[in-house]
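Encoded as structure tokens, the structure appears first; notes follow it.
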Amino acid sequence: MAQQNQTAVMEFILLGFPGSPYLQIFLFVLFLLMYTLTVLGNMAIILLVVTHRHLHTPMYFFLCNLSFLEIWYTTSSVPKALAVFLGKNKTISFTGCLLQMYFVFSFGCTEYFLLSVMAYDRYLAICYPLHYSTIMNSSLSAQLALGSWVFGFLAMSPLACLTSQLSFCGSAINHFYCEIESWIVIACTDISTIELLGLTTSIIVILGSCVITLLSYIYIISTILKIPSAQGRQKAFSTCSSHLAVVLIWYGSTIFLFVKPERNFLEMTKIVNILNTVVTPLLNPFIYALRNKDVKEAMQNILCQR
């Protein structure tokens with residue numbers, strides 16, 4: 001029967017969140033506000049780093065990459081969600097859905113790699129301060145950043161290829177964007193291989209980057225605790241506190257989404273996805289602006305000039 005019901009679905013319907021028109025308008029305004037602040041906030045971070053020479057260091061080079069990534073990460077899902085909330089265009093083509101899924105997850109994988117690279121950078125800066133500038137030169141910084149982007153997109157390629165070969169028994173996706181779990185649940189063909197590959201990719205990307213980040217901070221904290229003066233410990237910790245806050249928020253909101261093998265939490269997944277795709281990219285520039293001394297000073301200089 002399942003074989004007979006297979007159809008070459010060329011278009012899908014994104015259901016978004018159920019509720020009254022007033023709820024949809026509220027969600028539209030909320031998402032639009034957060035999206036606008038995310039783009040403006042991350043662009044401000046990039047402009048600050050580019051225009052201030054004392055911020056031309058590996059740490060802020062990686063921060064620029066992170067801000068650039070966050071802009072595109074949220075852009076890959078939110079604009080379509082806004083159309084869904086308004087009820088103007090809830091449909092999305094098969095190719096568009098596949099591309100959206102690929103880009104959202106590729107940007108997510110890239111962020112894992114980039115955050116682990118930033119943790120490694122802080123590890124070198126705090127644990128080997130005398131050799132830091134020699135080890136983390138501009139060439140290595142560029143290679144690490146490029147590697148994060150390349151491996152982030154390569155990691156999702158096999159999963160996207162397998163997903164593109166599925167046949168579907170329905171066209172309604174219970175989500176506000178083409179999230180893979182909500183998409184493959186309406187597939188007619190066997191998805192066990194995709195589930196296994198998705199779980200394997202998640203474990204390698206998430207846990208692999210988590211191990212690097214965790215080990216880096218174990219050595220960082222161990223080194224900081226050995227600093228004799230309280231002022232020295234505070235100064236050393238301040239150089240990585242912003243990154244640590246971003247790491248905790250990011251991992252807290254995404255481990256649930258990518259590691260769990262079950263598919264019976266779709267409604268909860270949508271809620272967590274808001275934190276993952278909208279709230280976290282919004283918080284990052286504010287965290288760095290409020291907790292990073294150099295960024296705050298650069299912002300104050302611009303405000304004082306005006």
Side-chain angles (χ1 to χ4, degrees), residues 38-39 41-76 102-157 201 204-206 208-217 219-220 223 236 238-247 250-251 254 280-281 284-285 287-289 291-295 297-299:
T38 298
V39 173
N42 282 288
M43 286 184 63
I45 293 292
I46 295 173
L47 290 174
L48 280 175
V49 175
V50 171
T51 56
H52 288 74
R53 293 189 61 84
H54 70 281
L55 298 181
H56 292 179
T57 63
M59 174 181 174
Y60 295 105
F61 171 72
F62 294 133
L63 177 57
C64 271
N65 274 268
L66 180 63
S67 293
F68 182 75
L69 171 66
E70 296 290 29
I71 292 173
W72 288 106
Y73 180 55
T74 192
T75 298
S76 61
Y102 175 69
F103 279 111
V104 169
F105 280 80
S106 293
F107 286 132
C109 290
T110 302
E111 183 149 353
Y112 281 110
F113 293 133
L114 194 55
L115 287 175
S116 64
V117 165
M118 294 174 75
Y120 175 68
D121 172 70
R122 292 300 82 205
Y123 157 74
L124 291 177
I126 294 175
C127 298
Y128 299 97
L130 299 179
H131 304 284
Y132 173 72
S133 58
T134 303
I135 300 174
M136 188 58 71
N137 51 42
S138 58
S139 176
L140 180 60
S141 301
Q143 290 173 10
L144 290 173
L146 180 61
S148 298
W149 284 91
V150 171
F151 285 110
F153 278 77
L154 286 179
M156 284 306 301
S157 297
T201 302
I204 293 174
V205 173
I206 298 176
S209 62
C210 183
V211 167
I212 296 174
T213 303
L214 182 61
L215 288 175
S216 296
Y217 273 100
Y219 284 108
I220 287 172
T223 302
S238 66
T239 64
C240 60
S241 59
S242 300
H243 176 260
L244 182 59
V246 171
V247 166
W250 177 250
Y251 277 97
T254 54
T280 302
N284 287 355
I287 290 174
Y288 277 100
R291 298 185 63 88
N292 190 288
K293 181 181 177 181
D294 293 332
V295 174
E297 289 180 352
M299 293 180 66

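Only this structure's heavy atoms are used, side chains among them; waters, hydrogens and symmetry mates stay out.
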Step-by-step side chain to side chain contact (heavy atoms under 4.5 Å, CB included) determination, Ile204 to Thr201: CA-CA 5 Å; Ile204 293 174; Thr201 302; 5.9 Å; no
Close side-chain approach of Phe113 to Val205, heavy-atom, < 4.5 Å: yes
Gap separating the OG atom of Ser216 from the CG atom of Leu115, nearest 0.5 angstrom: 11.5 Å
Return all side-chain donor-acceptor pairs below 3.5 angstrom for residues 104-111, not counting sequence neighbours, or 'none' if the list is empty.
unit_1: Ser106; atom_1: OG; unit_2: Tyr102; atom_2: O; d: 2.7
unit_1: Thr110; atom_1: OG1; unit_2: Ser106; atom_2: O; d: 2.8

Distance-minimising heavy-atom pair for Asp121 and Met136: OD1-CG, 3.4 Å
Shortest non-hydrogen contact from Thr51 toward Leu47: OG1-O, 2.6 Å
Ser116 side, atom OG; Leu144 side, atom CG - distance, nearest 0.5 Å: 9.0 Å
Tyr123 ring center near Tyr217 ring center (under 6.0 Å): no
Greater than 12 external heavy atoms within 6.0 Å of Tyr219's OH: no
Check: Phe103 ring centre within less than 6.0 Å of Tyr73 ring centre: no
Residue pair Ile46 / Leu63, side-chain heavy-atom distance below 4.5 Å: no
Validation row: Met59, Met118 side chains within 4.5 angstrom (heavy atoms): no
Approximate separation, where rounding is to 0.5 Å, of Leu69 CG and Leu114 CG: 6.5 Å
Contact check, side chains of Thr213 and Tyr251, non-hydrogen atoms, under 4.5 Å: yes
Sole candidate of Asn284, Thr75, Asn42 that passes side-chain hydrogen bond (donor to acceptor under 3.5 Å, both in side chains) when paired with Glu70: Asn284
Test item: Ser67 side-chain N/O and Cys64 main-chain N/O as donor-acceptor pair under 3.5 Å: no
Test side-chain hydrogen bond (donor to acceptor under 3.5 Å, both in side chains) applied to Trp149 and Asn65, step by step: CA-CA 9 Å; Trp149 284 91; Asn65 274 268; 3.1 Å; yes
Shortest non-hydrogen contact from Thr38 toward Thr74: CG2-CG2, 3.8 Å
Exercise: identify the closest heavy-atom pair between Val49 and Leu55: CG1-O, 3.8 Å
Spacing of OG1 belonging to Thr223 relative to OH belonging to Tyr128, to within rounding of 0.5 Å: 8.0 Å
Working for side-chain hydrogen bond (donor to acceptor under 3.5 Å, both in side chains), residues Tyr132 and Thr57: CA-CA 11 Å; Tyr132 173 72; Thr57 63; over 6 Å; no
Value rounded to 0.5 Å, distance of CH2 in Trp250 from OG in Ser209: 10.0 Å
